[in-house]
Amino acid sequence: MESNKYIQKFLCERRTFCLFQLSAIYVIPLTFFVFFMQMEWVVPYVSELERSFLFQILMAIVWIPLVIGGMAIVFGMLLYLFYIDHHSWKIPWLALFLCTGWVGASVYFWSVYRGQVLLLEEAKGDYSLLKRVELIHKLLYSRYAYFLMQITSILSIPITAAFVYTIIYSTPYLIEIIINISFVFCGVILWFGMVAHLLILSKGSWKFGWLLLFFAGGLVTAAAYFQTAYKKDFLK
């Protein structure tokens, strides 16, 4: 029991929470980026870029924090699951960790660990972590953010269709570049904005299910989430 107290103190302190949060924010989009680099139509470009020393430095910048952050959040969430969390089902979460690694650990962070630690901090009268959530709340629910998300959600379906078209059929190089840039721009704005809303601010949505849909459906799912969940919360 004494050892559990030390583990709880370590896992729930502010600095550890911030480390896990940075890792959880970092590893999901970076994992998505790594898989994106392995796509068949991207591989020829990557093969050309691999000869560049600057590209190798970029990959090191991506991979080193990804591995360190991934290991930190996996071991941290495993310790929390088995020593501190007495409410969650252990076996399903363990299976998710083993199958998906740091992605599953990040899902656990956002859906379980984060909420429990914030409640613990609130019970202690420490609102420093909650103030950071309020800052994200103000940012995502500002009129400018809503307008930007609405525009990108409208454009997301035709841009996704055009993006798929460039993969299947040969397209003039300049048009392909414009479509790819538009796709990435909408992805950064809408996809990451909706994922941030889902994981940090949403209380009613089924986080794990939506997150799977975000990875499977990309921008189309993000546009659907905007219309069904984000817009509803914004207009309250």
By side-chain contact (heavy atoms from CB on, under 4.5 Å), Ile157 pairs with (sequence neighbours left out) none
Between Ile73 and Ala24 the two heavy atoms that sit nearest each other are CD1-CB, 3.6 Å
Rounded to the nearest 0.5 Å, the CG atom of Leu148 sits from the CZ atom of Arg143 at a distance of 14.5 Å
Those residues at least two apart in sequence (or on a different chain) that pass side-chain hydrogen bond (donor to acceptor under 3.5 Å, both in side chains) with Thr16 are Glu13
With sequence neighbours left out, the residues meeting side-chain contact (heavy atoms from CB on, under 4.5 Å) with Leu98 are Leu94
Q.
Counting neighbours of CZ on Phe82 that are heavy atoms of other residues, nucleotides or ligands and sit closer than 6.0 Å, is the number greater than 12?
A. yes
Sequence neighbours excluded, the answer for side-chain hydrogen bond (donor to acceptor under 3.5 Å, both in side chains) partners of Trp191 is none
When rounded to the nearest 0.5 Å, the distance separating CE of Met77 from CD1 of Ile84 is 10.5 Å
Scanning both residues in full, the closest heavy-atom pair of Ala72 with Ser23 reads CB-OG, 4.4 Å
TODO: Answer whether the closest heavy-atom distance between the side chains of Phe185 and Ser182 falls below 4.5 Å.
DONE: no
Same cluster for Leu19 and Leu78 if Ile/Leu/Val/Met/Phe/Trp/Tyr side chains link at under 4.5 Å?
-> no
Taken to the nearest 0.5 Å, the spacing of Ile91 CD1 from Leu81 CG works out to 9.0 Å
Using the benzene-type ring in the case of Trp, are the ring centres of Phe109 and Phe17 under 6.0 Å apart?
yes
Separation between CD1 (Ile189) and CG (Leu155), nearest 0.5 Å, reads 12.0 Å
For Lys90, is the NZ atom crowded, meaning more than 12 foreign heavy atoms sit under 6.0 Å from it? yes
When every non-hydrogen atom of Ser153 is compared with those of Ser156, the smallest separation belongs to O-OG, 2.8 Å
Kindly work out whether a path of hydrophobic side-chain contacts (I/L/V/M/F/W/Y, heavy atoms less than 4.5 Å apart) joins Val220 to Leu198. no
By ring pair (Phe, Tyr, Trp, His ring centres under 6.0 Å), Tyr108 pairs with (sequence neighbours left out) Trp93, Phe97
Rounding to 0.5 Å, atoms OG1 (Thr160) and CG (Leu219) come to a distance of 4.5 Å
| query | Do Trp102 and Val112 share a hydrophobic cluster (ILVMFWY, side-chain heavy atoms under 4.5 Å, transitive)? | reply | yes
Inset, instruction - I would like to know whether Gln227 and Lys232 meet side chain to side chain contact (heavy atoms under 4.5 Å, CB included); could you show each step before the answer? - result: CA-CA 7 Å; Gln227 296 295 335; Lys232 181 181 177 182; over 6 Å; no
Between Cys186 and Ile159 the two heavy atoms that sit nearest each other are SG-CD1, 3.5 Å
Item to complete: Using atom types as modelled and distance alone, determine if a side-chain donor or acceptor of Thr100 lies under 3.5 Å from a backbone N or O of Val103.
Response: no
Residues at least two apart in sequence or cross-chain that pass ring pair (Phe, Tyr, Trp, His ring centres under 6.0 Å) with Phe226, listed by chain then number, are Tyr146, Tyr230
query = Linking I/L/V/M/F/W/Y whenever any side-chain heavy atoms sit under 4.5 Å apart, do Ile154 and Ile179 land together?
reply = no
Worked verdict on Lys231 versus Gln150 for side chain to side chain contact (heavy atoms under 4.5 Å, CB included):
CA-CA 9 Å; Lys231 196 172 183 179; Gln150 189 170 40; 4.0 Å; yes
Linked, directly or transitively: Val74 and Val67 (ILVMFWY side chains, under 4.5 Å): yes
Rounding to 0.5 Å, atoms CZ (Phe234) and NE2 (His197) come to a distance of 10.5 Å
